[in-house]
Amino acid sequence: MHDLSQKRCLTTPPGGLSLRSRIGQFALNWLVFILCYPLANHLAQQAQVRRSFALGLDAAVPFVPWMIVPYASSGLVFTLVFFRVRTAEQLRVVSRRLMLATVAGTLVFAFIPARFSRARPIVEDALPAALFRWLDMVDLPYNQLPSLHVAYSVILWFALAPLMKGGVRALLGALLLMVGASATLTWQHHLADLAAGLVLGAVCAFVVQPGHTRRHTVAFHYALASGVLLLVGVFVLRSWILGYAAASLFLVAYAYLVRRAGFLFKRDGRHALVAWLLYWPYLTGYRLTWFLVLLRERRHPALTQHGPNLWFGRRLTEAEARVLPVRCHVIDLCAELPEATSLRGQRYSSFPLFDLQAPRPSELRQVLDALDRLQRAGEPVYVHCAMGYSRSRLINRLHTRKHPPCRYRSTS
């Protein structure tokens, strides 16, 4: 046991940020980049785009071959930041800002594709020539406005500058300025692209604020999935169904952002038609997940007794619902799945709580007050969420703080 504690101390520093978390966020960012950036390049190449955002001032920008070195070094700084931040909050902030810049930038590339307007001169020096050959293999002269190099540099400065002092901080600033300048001095981007990159980086830093990432985790990831699906589904696959799904996921993200748990219009244990029209990918995904949970948990009880006339568990099938006592009152915490038909009626109460997101104290009080009233009246009560993993267990824990539990046999 002592050895296990020592291992945890080695892998998880005092701030609670493990190496696994760092690698996970790093891998997720690269996955999003590798999925989105080449697709936008491919779309512009297919369309043989000629549009350029060159300004008159761009004619005076020189070509500096050795600036390919700081340009190529941006990937190193991009990697470093995931292993330099000190807390889980800092990691979430920089990771989400970078992913947001990647998805937003590539969507702009897809909406208004452009290419660099000038032909790059022949490079003779060995190291710059090798780096330019590598660049030609991994990139194309498209994906222009905004410059992601500049946007990333802004985000990396906000992440790393507070962690450094004195000369090291000055060196970081000089390096990031060189990375930004290299985007135009290598003739990869025009000046307008750099300006747009500055704006994109600043917007991403403003949108993802420190101190709010944990609360907005679900909303952020649904919004990110919506953006990726829009790029892949609409621009690449030309599918209006996938575009519809992307819009639906964005509405889910917004509902989580504003914390409107009743956004699925569930009434009397069923979803209204408008819910299916707006949120069918979300509802369908939950239904499939529930079926998978049924399969995985088939050897375990669907509900467990935790007190006199009190059960907790997941959404039940019709066959499982027959196990409940006659005249059992159901408290449904799940907004995503319809209630079993036999459990709908006068002895049914719906208190929709968000999945994977902490409920408001007022929402919890409503559920606990209703549960207390029913128990005082001597009624049997079944409390459930969708899968029985989080929301019903949370209510169980809060309820047992006031009512010490006795041990009961699980009911299958």
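Using a 4.5 Å heavy-atom cutoff, the side chains of Val330 and Arg347 are not in contact. When side chains are defined from C-beta on, Leu324 counts as touching Leu343, because their heavy atoms get closer than 4.5 Å. Contact of the Leu28 side chain with the Met99 side chain is registered, since non-hydrogen atoms from C-beta on lie closer than 4.5 Å. With contacts defined as side-chain heavy-atom distances shorter than 4.5 Å, the pair Tyr244/Leu277 qualifies. Side chains of Leu145 and Ile112 form a contact here, defined as non-hydrogen atoms less than 4.5 Å apart. Between Leu200 and Leu148, the closest side-chain pair of non-hydrogen atoms falls below 4.5 Å. Counting only heavy atoms from C-beta outward, the side chains of Leu303 and Tyr382 approach each other to under 4.5 Å. Side-chain contact check for Leu251 versus Tyr282: every heavy-atom pair is 4.5 Å or farther apart.
There is no side-chain donor-acceptor pair under 3.5 Å between Glu89 and His212. When only modelled atom types and interatomic distance are considered, Gln188 and Arg120 share a side-chain donor-acceptor pair under 3.5 Å. Using a 3.5 Å distance cut-off with no hydrogens or angles, the side chains of Asp332 and Tyr348 do pair a donor with an acceptor. Of the N and O atoms on the side chains of Tyr152 and Ser147, not one donor lies less than 3.5 Å from an acceptor on the other residue. A donor atom on one side chain and an acceptor atom on the other are found under 3.5 Å apart for His190 and Ser117. Checked by atom type, the side-chain pair Asn143/Thr106 shows no donor-acceptor distance below 3.5 Å.
The distance from atom CG of Asp125 to atom CZ of Phe132, rounded to the nearest 0.5 Å, is 10.5 Å. Note that the CZ atom of Arg97 and the CD1 atom of Ile155 stand 7.5 Å from one another [nearest 0.5 Å]. Here Phe83 contributes atom CZ and Leu17 contributes atom CG; the two are 10.0 Å apart, rounded to the nearest 0.5 Å. In this structure, OG on Ser153 lies 5.0 Å from CG on Leu176, to the nearest 0.5 angstrom. Between the CD atom of Glu320 and the CZ atom of Arg314 there is a distance of 4.0 Å, given to the nearest 0.5 Å. To the nearest 0.5 Å, the span separating CG on Leu156 from CG on Leu175 amounts to 9.5 Å.
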Between side-chain atoms of residues 71-80 and protein atoms elsewhere (two or more places apart, or another chain), which donor-acceptor pairs fall under 3.5 Å?
unit_1: Ser73; atom_1: OG; unit_2: Pro70; atom_2: O; d: 2.7
unit_1: Ser74; atom_1: OG; unit_2: Tyr71; atom_2: O; d: 2.9
unit_1: Ser74; atom_1: OG; unit_2: His149; atom_2: NE2; d: 2.9
unit_1: Thr79; atom_1: OG1; unit_2: Gly75; atom_2: O; d: 2.9

Can I get a per-line list of side-chain donor-acceptor pairs under 3.5 Å for residues 357-370, giving both atom names and the distance, sequence neighbours left out?
unit_1: Arg360; atom_1: NH1; unit_2: Arg259; atom_2: O; d: 3.1
unit_1: Glu363; atom_1: OE1; unit_2: Arg360; atom_2: N; d: 2.9

For residues 53-63, tabulate all N or O donor-acceptor pairs below 3.5 Å that involve a side-chain atom, not counting sequence neighbours.
unit_1: Asp58; atom_1: OD1; unit_2: Leu191; atom_2: N; d: 2.9
unit_1: Asp58; atom_1: OD2; unit_2: Leu55; atom_2: N; d: 2.6

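Pairing each heavy atom of Leu264 with each of Ala275, the nearest pair is O-CB, 3.0 Å. Contact record, Arg115 with Arg50: NH1-NH1, 3.4 Å, taken as the closest heavy-atom pair. When all heavy atoms are compared, the tightest approach of Lys266 to Cys334 is NZ-O, 2.6 Å. Minimum interatomic distance between Pro128 and Ile68 (heavy atoms only, all atoms of both residues): CA-CG2, 3.8 Å. The shortest heavy-atom contact between Ala335 and His271 is O-NE2, 2.7 Å. The shortest non-hydrogen separation linking Gly197 to Val150 is C-CG1, 3.7 Å.
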| query | Taking it one step at a time, do Tyr142 and Phe109 satisfy ring pair (Phe, Tyr, Trp, His ring centres under 6.0 Å)? | reply | CA-CA 8 Å; Tyr142 305 106; Phe109 299 152; over 10 Å; no
| task | With ring pair (Phe, Tyr, Trp, His ring centres under 6.0 Å) as the test, would you mind laying out the steps for Tyr279 and Phe263 before giving the verdict? | result | CA-CA 9 Å; Tyr279 302 108; Phe263 74 103; 5.0 Å; yes
| task | Applying side-chain contact (heavy atoms from CB on, under 4.5 Å), run through Val293 and Tyr389 and close with a yes or a no. | result | CA-CA 10 Å; Val293 169; Tyr389 293 148; 3.7 Å; yes
| task | Please lay out, stage by stage, how His306 and Thr400 fare under the test side-chain hydrogen bond (donor to acceptor under 3.5 Å, both in side chains). | result | CA-CA 9 Å; His306 286 269; Thr400 53; over 6 Å; no
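The backbone N or O of Thr213 sits less than 3.5 Å from a side-chain atom of Arg96, completing a donor-acceptor pair. Between the Ser226 side chain and the Ala247 main chain, no donor and acceptor come within less than 3.5 Å of each other. A donor-acceptor pair under 3.5 Å is absent between the side-chain atoms of Thr284 and the main chain of Pro281, judged by distance alone. Side chain of Asn29 to backbone of Gln25: a donor-acceptor contact under 3.5 angstrom is found. The backbone N or O of Leu163 sits less than 3.5 Å from a side-chain atom of Arg86, completing a donor-acceptor pair. In this structure, Ser239 contributes its side chain and Leu242 its backbone to a donor-acceptor pair below 3.5 Å. Panel note: side chain Arg22, backbone Phe82; a donor-acceptor pair is recorded below 3.5 Å. The backbone N or O of Arg214 sits less than 3.5 Å from a side-chain atom of Thr217, completing a donor-acceptor pair. With His189 contributing its side chain and Ala183 its backbone, the two residues share no donor-acceptor pair below 3.5 Å.
Looking at Leu394, Leu337, Leu333 one by one, the single match for side-chain contact (heavy atoms from CB on, under 4.5 Å) with Cys385 turns out to be Leu333.
Other residues, nucleotides and ligands contribute more than 12 heavy atoms inside 6.0 Å of the CD atom of Glu318. Applying the 6.0 Å contact sphere to CG of Leu295 captures more than 12 heavy atoms from other residues, nucleotides or ligands. No more than 12 heavy atoms of other residues, nucleotides or ligands lie within 6.0 Å of CZ in Arg270, so this atom counts as exposed by the packing criterion. Counting heavy atoms of neighbouring residues, nucleotides and ligands inside a 6.0 Å radius, atom OH of Tyr254 does not exceed 12 of them.
Taking the six-membered ring where the residue is Trp, Trp30 and Phe33 present perpendicular rings, their angle passing 60° and hence far from 30°. Taking the six-membered ring where tryptophan is involved, the planes of His399 and Phe312 are tilted, since the angle between them lies from 30° to 60°.
In this structure Phe111 satisfies the ring pair (Phe, Tyr, Trp, His ring centres under 6.0 Å) test together with Phe235, sequence neighbours excluded. Residues meeting the side-chain contact (heavy atoms from CB on, under 4.5 Å) test with Arg267, sequence neighbours left out: none. Applying the side chain to side chain donor-acceptor pair (under 3.5 Å) criterion to Asp139, with sequence neighbours excluded, gives Tyr37, Asn41.
A salt bridge is absent between Arg315 and Glu297: the closest approach of a Lys/Arg side-chain nitrogen to an acidic carboxylate oxygen does not fall below 4.0 angstrom.
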